[in-house]
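Owing to the predicted nature of the structure, the values given are computational and were not obtained by experimental measurement. Numbering of ligands and ligand atoms starts at 1, following listing order.
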Amino acid sequence: MPDNRLYSYAAVLMGSPIQLKLFSSDEALASRVFNLIKKYEDLFTVNRTPSQVMAINHAAGLHPVVVSRPVYELIKCAKAASMLPESAFNLAIGPLVKLWRIGFKGDSVPLAEEIAARLRLTRAQDVVLDDAASSVYLTQPGMEIDLGAIAKGYIADRVRDYLQQQGTFTGLINLGGNVQTLATPQKTWSIGLKKPFGAADELVGTIDVANKSVVTSGIYERWFEQDGKRWHHILDPRTGYPLENELESVTVISADSLDGDIWTTLLFGLGVGKGMRALREHEDIEAIFITKNRDIILSSQRQFRYTHSDDRYRLIDCTV
Ligand code: AMP
Ligand code: MG
């Protein structure tokens, strides 16, 4: 008899809770998935040595570093996203992330001069790529690549591919906020959207998806308070300070979680108005903006169900 129960496996990896859901009990598959995630984390991390990305950063201003194909391809994609006009995404943001230390011990608002000095080390065009050699060269000493905004998306996609290869056609992986789903017409997934600054399990609503990724970036995720102000972890590469606009969170629904991860940062930088305009040219990308005014703004006709009785939130349909 087929087993239709949902099995949930959990681990803490990349500093985040990771959850894998499958419709059959398969400990061995779950542990292979967690090992795959660990393997990728070891390539991309910038928080402990040795990783290939750390090797690139250590060789900044000195020499190019040959890296494996996945690392090269992800960096190439990240550089392309960083070079888009008005892009708030910057793969070379590392020196500023390290300076702010948001979410790590000892975070405080840096001096304006320190920020200005580090800004000069965050030019995406100073990340020099060589396709033939599969090498990456940071031309200025002190430069650092940070893939923190997209590594989870990339890995979520690889987990999806792996599950498919293994003959698993319904499943969900949640990499600390990056959700990727495998679904059949009989089984879609209901994904909760967190209430910004709410309790851990508090949701504003849910959406149903099938074979889609759902990624949320929010200013409530990592922050500290100083001088009566909250300083969050999504930095504006133009100013060196946390991005400041009307948004509290952006959720992106897309086929690939990597696209979702890039788009959440791009949309954060654009804000609601420009973001909605940009999305008109990208029908494969859907977004849900939540603003500080508690407006929930959908870029597509997607059904959104409130699960929360907080009636201060308003749903604004901009699709008509
Ligand atoms: P996410 O949680 O996906 O929004 O990614 C946030 C992480 O991305 C931060 O913790 C930093 O490591 C990194 N980051 C911060 N600001 C930027 C930015 N403007 N562009 C690219 N990466 C960033
Ligand atoms: Mg991201």
Side-chain angles (χ1 to χ4, degrees), residues 13-18 41 44-48 51 53-54 57 74-75 77-84 86-105 107 110 115 118-119 121-125 127 143-157 174-180 193-194 196 213-224 230-245 247-254 256-271 275 285 287-290:
L13 294 167
M14 301 186 284
S16 301
I18 311 289
E41 182 188 13
F44 299 133
T45 183
V46 288
N47 293 320
R48 57 185 161 75
S51 81
V53 177
M54 291 287 266
N57 291 348
L74 187 56
I75 290 174
C77 168
K79 181 177 172 183
S82 309
M83 306 290 283
L84 292 171
E86 286 191 80
S87 177
F89 182 89
N90 184 344
L91 88 162
I93 197 95
L96 284 165
V97 173
K98 290 279 163 68
L99 179 67
W100 278 91
R101 300 183 56 76
I102 296 169
F104 293 90
K105 255 221 213 93
D107 44 14
I115 291 177
R118 301 263 176 137
L119 263 178
L121 297 173
T122 61
R123 288 157 40 100
Q125 58 268 47
V127 179
M143 282 182 74
E144 286 183 53
I145 287 179
D146 182 328
L147 300 177
I150 54 167
K152 284 187 196 143
Y154 175 85
I155 299 171
D157 293 338
N174 182 357
L175 299 181
N178 272 77
V179 173
Q180 181 56 284
L193 263 62
K194 273 192 181 162
S213 152
V214 183
V215 180
T216 299
S217 257
I219 61 170
Y220 59 88
E221 287 173 293
R222 271 192 276 145
W223 53 276
F224 68 93
R230 278 185 191 140
W231 306 85
H232 65 82
H233 73 307
I234 305 164
L235 300 178
D236 186 338
R238 294 155 289 204
T239 64
Y241 286 83
L243 261 165
E244 224 170 316
N245 58 22
L247 290 169
E248 275 189 343
S249 76
V250 179
T251 297
V252 171
I253 303 135
S254 54
D256 285 339
S257 203
L258 176 58
D259 290 331
D261 239 349
I262 290 172
W263 271 95
T264 47
T265 308
L266 293 179
L267 292 172
F268 240 109
L270 291 172
I285 307 289
I288 302 173
F289 300 90
I290 302 184

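- Residue K79 places its NZ atom among more than 12 non-hydrogen atoms of other residues, nucleotides or ligands, all under 6.0 Å distant.
- For ligand 1, residues of the protein lying within 4.0 angstrom by heavy-atom distance are A88, F89, N90, I93, V97, D146, G148, A149, S217, R222, H233, I234, L235, P237, D261.
- Side chain of S87 to backbone of M83: no donor-acceptor contact under 3.5 angstrom is found.
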Exercise for the section: With side-chain contact (heavy atoms from CB on, under 4.5 Å) as the test, would you mind laying out the steps for R118 and K98 before giving the verdict? Expected result: CA-CA 10 Å; R118 301 263 176 137; K98 290 279 163 68; 4.3 Å; yes
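- The aromatic rings of W231 and Y241 sit tilted relative to each other, their planes meeting at an angle between 30° and 60°.
- Atom CG of L270 sits about 9.5 Å away from atom CG of N245, to the nearest 0.5 Å.
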Handout entry: side-chain contact (heavy atoms from CB on, under 4.5 Å) between I219 and L247, worked out
Key = CA-CA 8 Å; I219 61 170; L247 290 169; over 6 Å; no
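- Taking the salt bridge (Lys or Arg N to Asp or Glu O under 4.0 Å) definition, one finds that R238 meets it with D236, sequence neighbours left out.
- Shown here are the salt bridge (Lys or Arg N to Asp or Glu O under 4.0 Å) partners of E41, two or more places apart in sequence or in another chain: R48.
- Between F268 and H232, the two ring planes are tilted [angle within 30° to 60°].
- Of all protein N/O/S atoms, those under 2.8 Å from the Mg ion (ligand 2) are A149 O, D261 OD1, and waters are not counted.
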